[in-house]
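All values reported here derive from a predicted model rather than from experimental measurement. Residue numbers start at 1 and run along the sequence shown.
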Amino acid sequence: MPKVTGSRCRTCTRWAGTPSSTPPATPTPPAERFQVAAAAKQAYESGALGADIRAEQEKINRADTIVVQFPMWWFGMPAILKGWFDRVWHQGYAYGSRGPNGEWIGYGDGFLAGKRALAVVTMGGPAWFYGERGIHGAVGELLFPLQHGTLFYAGAEVLPPVLITGADRFTPEEGEAAAKELRERLLAIPATRPIAYRRQNGGDYDDDFVLRPDVAPGLTGLGAHVA
């Protein structure tokens with residue numbers, strides 16, 4: 001059998017050297033790239049979503065308030081809750097809509113417009129760990145991806161969170177005090193003033209969705225997006 005004594009050109013299909021009796025195979029055309037967000041939107045619009053996902057979306061549609069309760073694990077939501085958002089909060093349902101003039105809808109407008117949202121978070125460390133100068137970082141910044149990037153992005157009015165610190169060291173009396181605080185906060189939801197996040201289309205951002213120079217001049221970071 002003839003042997004090849006040359007080498008393959010790196011940038012073309014030409015074969016350099018002595019020809020072989022078996023020519024190189026024709027390159028396979030690349031497969032069409034799978035777009036996760038677009039596929040989820042198509043599944044939603046065609047009614048092909050799983051029954052479990054549709055059931056969760058129907059609960060959200062019926063609700064006037066969304067309460068997200070979780071223990072803080074490694075400075076964020078546990079994976080099972082993050083997975084719930086990933087599966088339920090998809091394009092076509094939770095985002096990706098356009099306004100009457102083709103404008104992008106988000107951050108203060110969206111499918112949760114008219115609803116309120118509240119995070120209830122239990123944490124193992126004491127409260128001062130999560131203060132403005134605490135070693136764990138300010139809790140408002142730790143919760144920013146959920147409160148601003150998920151709930152407010154979808155149009156909800158986001159209320160200040162209920163923070164239950166030192167939860168795994170509670171005495172029975174401390175546990176009852178935390179439960180009392182939670183009951184009071186839940187009952188006060190209709191009257192509670194939401195966090196003053198800046199609305200996307202409220203005039204604070206330019207056409208590139210960057211804060212205008214005259215808005216909070218000199219201020220950077222997550223806090224700049226709170227009026």
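- Here CG of D109 is found 8.0 Å from CZ of F152. Values are rounded to the nearest 0.5 Å.
- A salt bridge links K180 and E184; the closest N-O separation between the charged side-chain nitrogens and carboxylate oxygens is under 4.0 Å.
- Of all heavy-atom pairs between K115 and N61, the closest is NZ-O, 3.3 Å.
- Checked against salt bridge (Lys or Arg N to Asp or Glu O under 4.0 Å), E176 has the following partners two or more places apart in sequence or in another chain: R183.
- In terms of the ring-ring contact (aromatic ring centres under 6.0 Å, His included) criterion, F170 has no residue partners (sequence neighbours excluded).
- With rounding to the nearest 0.5 Å, the separation of CE in M123 from CG in L142 is 8.5 Å.
- The shortest non-hydrogen separation linking P161 to R185 is O-NH1, 3.4 Å.
- Rounding to the nearest 0.5 Å gives a distance of 12.0 Å between CD of E174 and CD1 of I164.
- When atom types are taken as modelled, the side chain of D208 and the backbone of V210 share no donor-acceptor pair closer than 3.5 angstrom.
- Below 30°, between 30° and 60°, or above 60°: for H148 and Y197 the angle between ring planes is above 60°, a perpendicular geometry.
- Between F209 and W104, the ring planes are perpendicular. Angles over 60° get that label, and only those under 30° would be called parallel.
- There is a path of hydrophobic side-chain contacts, each under 4.5 Å, that joins V67 to L182.
- Shown here for L146 and A119, the closest heavy-atom pair between the two residues is CD2-CB, 4.1 Å.
- Between I80 and F70 the shortest side-chain heavy-atom distance does not fall below 4.5 Å.
- F34 and L49 end up in different hydrophobic clusters when Ile, Leu, Val, Met, Phe, Trp and Tyr side chains are linked at under 4.5 Å.
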Requested in this report: Test H225 against F144 for side chain to side chain contact (heavy atoms under 4.5 Å, CB included), laying out the working first.
Outcome: CA-CA 10 Å; H225 301 286; F144 193 85; 4.3 Å; yes
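- Residues Y153 and Y205 fall into different hydrophobic clusters, defined by Ile, Leu, Val, Met, Phe, Trp and Tyr side chains chained together at heavy-atom separations under 4.5 Å.
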Requested in this report: Carefully, step by step, assess I189 and L159 under the rule side chain to side chain contact (heavy atoms under 4.5 Å, CB included).
Outcome: CA-CA 8 Å; I189 282 175; L159 307 183; 3.9 Å; yes
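- For the ring-ring contact (aromatic ring centres under 6.0 Å, His included) condition, the pairs that include at least one residue of residues 118-143, sequence neighbours left out, are F75-H136, F129-H136, Y130-H136.
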Query - side chain to side chain contact (heavy atoms under 4.5 Å, CB included) evaluation trace for F85 with M77 - result: CA-CA 10 Å; F85 277 107; M77 294 180 285; 3.7 Å; yes
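- Contacts of F111 classified as side-chain contact (heavy atoms from CB on, under 4.5 Å), with partners at least two apart in sequence or in another chain: I60, W89, Y93, A94, A154.
- Residues satisfying the side-chain contact (heavy atoms from CB on, under 4.5 Å) criterion with Q69, sequence neighbours excluded, are V120, T122.
- The neighbour count for R212 CZ, taken as heavy atoms of other residues, nucleotides or ligands under 6.0 Å away, is above 12.
- Ion pair D204/R198 flagged as a salt bridge, since at least one NZ, NE, NH1 or NH2 atom sits closer than 4.0 Å to an Asp/Glu carboxylate oxygen.
- Looking at T65 and R116, their side chains come closer than 4.5 Å, going by heavy atoms from C-beta outward.
- L81 places none of its side-chain heavy atoms less than 4.5 Å from the side chain of W73.
- The shortest side-chain heavy-atom distance between L118 and V158 does not fall under the 4.5 Å cut-off.
- A distance of 10.0 Å separates CG of L187 from OG1 of T192, quoted to the nearest 0.5 Å.
- In this structure, CG on L143 lies 11.5 Å from CG on L222, to the nearest 0.5 angstrom.
- With rounding to the nearest 0.5 angstrom, the CG atom of L151 is 8.5 Å from the CD1 atom of I66.
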Report task. Could you go through the side chain to side chain contact (heavy atoms under 4.5 Å, CB included) check for I195 and E157 one step at a time? Result -> CA-CA 8 Å; I195 300 172; E157 295 180 341; over 6 Å; no
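- With sequence neighbours left out, A48 forms a side-chain contact (heavy atoms from CB on, under 4.5 Å) with A43, S46.
- Proximity of the aromatic rings of H90 and Y95 is defined here by a centroid distance below 6.0 angstrom, and this criterion is not met.
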